[in-house]
Amino acid sequence: MDSKPFPEGFLWGTATSSYQIEGAWQEDGKGLSVWDMFVRKPGAVWWEQRGDVACDHYHLYKEDVALMKQMSTKAYRFSISWPRVIPNGTGAVSAKGLDFYDRLVDELLASGIQPYVTLFHWDYPYDLYCRGGWLNPFSPDWFADYTTVVVNKLSDRVQHWITINEPQVFVAEGHLVARHAPGLNMVRKELLQVIHHVLLAHGKSVQAIRANTKLPAQVGIAPIGGGRIPASDSPQDVELARLKMFACGDQPYWSISWYSDPIFFKQYPADGVKACEGDMPAIGPNDMDIIGQPLDFYGVNIYGGRPVTSKNEYVHSTDFPDGYPITAYNWPVVPSALYWGPKFTWERYHCPIYITENGLGSMDWVTQDGRVYDLQRIDFLGRYLAQLQKACEEKVDVRGYFQWSLMDNFEWGVGFQQRFGLVYVDFQTQKRTLKESAKYYRKIIEANAVLSPSDGESLLEMVAEL
Ligand code: FCB
């Protein structure tokens, strides 16, 4: 097999989020989240499935940390369930809820795995939703107070913090098209106000981390980072892709720059401001300074990207050709997104990057011999990581990579239909099985290099060597 090295000290990890794996939805005094409610709406989730139990990670976390260790991963990105820690979203803290994360962090550190804690990965406290949710002008302060509670408890051991996961997705899917919790259909003016509060919440959370941390903290955020890729290497296509990647338009909910320019440049992007005239949020005199807190890293979640070409006179995006490779989730397989995404992002924001998510849903099952042969995942990983390695070689400052996901879990609106894990989970018995891709990932980590079949070698032969 061929091997191409990653920079020394490159961090290899896996990622999950609280609602998708924990289960224990009503245990030890946990409050309700908007997801606990959303999954109970008829027709909201595929086959009416729910994350009530999910991977039962709340009880099986030790086994799960042992699996991470078996894969030689060095870091684990997980999120904290806000209503588990503060059942009503504000006020009384649940000691038992906090204690779960305390034990998890200890278990990770005892296994030599660095915790990367995401403070918000979409399971918003239901009580706060009833008080107006992200439209409420106090919502940024609620988030800052919750941050302080968590940081006080864990920052003697946790050094890496991610404030918010993919604001684009919970804003647009949850508040515009209602495919995610809380299932709202807002108009633009409301959406832009929600986003402004989310950004303020991020800024205040960064301040709360820095003010309360016991160990020196590294702080970042994890928005979506895939975007546009040039359809060819021509300088025109590259330039156009770069422009399109950070364009806003008049519906900037999915854009990268609407969320990230305020953080790095303390202003909303001019093209979006112009296009959204009349619907801009109320911006207080200190808001942009609060939002623009300096960050130590920028996390990007990249699954794919859309090719851009100057030949297309309509939207400058080509459609994918018929029969183009797609995952089980119908997401086009675009390995070069892991080259162009970090490259364009680094050029624009100049902040050290982590790939905080990347992976695919596939139709895995346990075969007759008890193993899970997820060749597609192995091929996907090899192809995507080769592109990331190329970005690193060209001095794009990428510090680490987190595979989504450690294990199969509850995939939001499509329930358990999509299996994104390196570890297979039987949701009836909770039995975990390392997929073949987990063995491949371990090899990659141990070599600190992307491994691919050498000329003439078949992927199957390579897998047999794992
Ligand atoms: C991302 C989410 C993550 C997971 C993956 C597949 O958008 O952050 O929770 O659902 O997609």
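Atoms within each ligand, like the ligands themselves, are counted from 1 in listed order. Heavy-atom basis, side chains included; hydrogens, waters and symmetry copies ignored.
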Exercise. Which ligand 1 atoms, with their elements, are less than 4.0 angstrom from a heavy-atom of H121?
Worked result: 2 (C), 3 (C), 8 (O), 9 (O)
Exercise. How about F10 and W12: are their ring centroids closer than 6.0 Å?
Worked result: yes
Problem set entry | Polar contact flag for N165 and ligand 1 (N/O pairs, less than 3.5 Å) | yes
Problem set entry | Ligand-residue contact atoms, ligand 1 with W412, heavy atoms, under 4.0 Å | 3 (C), 4 (C), 9 (O), 10 (O)
For this session: For Q20, counting its heavy atoms only, list the atoms of ligand 1 lying under 4.0 Å from any of them.
Result: 3 (C), 4 (C), 9 (O), 10 (O)
Problem set entry | Close N or O approach (W331, ligand 1; < 3.5 Å) | no
Problem set entry | Y349 OH to F265 CZ distance, which is reported to the nearest 0.5 Å | 5.5 Å
Exercise. Starting from atom 10 (O) of ligand 1, which protein heavy atom do you reach first, and at what distance in Å?
Worked result: E411 OE1, 2.7 Å
Problem set entry | Heavy atom of the protein closest to atom 2 (C) of ligand 1 (residue, atom name, distance) | E357 OE1, 3.3 Å
Problem set entry | S94: partners by side-chain contact (heavy atoms from CB on, under 4.5 Å), with sequence neighbours left out | P87, K96
Seminar exercise, completed: Looking only at protein heavy atoms, what sits closest to atom 5 (C) of ligand 1 is Y303 OH, 3.2 Å
Exercise. In terms of atom number and element, which parts of ligand 1 are under 4.0 angstrom from non-hydrogen atoms of F420?
Worked result: 6 (C)
For this session: Answer yes if the side chains of S18 and D123 hold a donor-acceptor pair under 3.5 Å, and no otherwise.
Result: yes
Problem set entry | Flag, side chain of D374 to backbone of Q376, donor-acceptor distance under 3.5 Å | no
Exercise. Measuring from F380:CZ to Q403:CD, what's the distance to the nearest 0.5 Å?
Worked result: 7.5 Å
Exercise. By salt bridge (Lys or Arg N to Asp or Glu O under 4.0 Å), which residues pair with K439, not counting sequence neighbours?
Worked result: E436
Exercise. To the nearest 0.1 Å, how far is atom 7 (O) of ligand 1 from its closest protein heavy atom, and which atom is that?
Worked result: E166 OE1, 2.5 Å
Exercise. Taking the six-membered ring where the residue is Trp, are the ring centres of F100 and Y58 under 6.0 Å apart?
Worked result: yes
Problem set entry | For W122, atoms of ligand 1 separated by under 4.0 Å from a heavy atom | 2 (C), 7 (O), 8 (O)
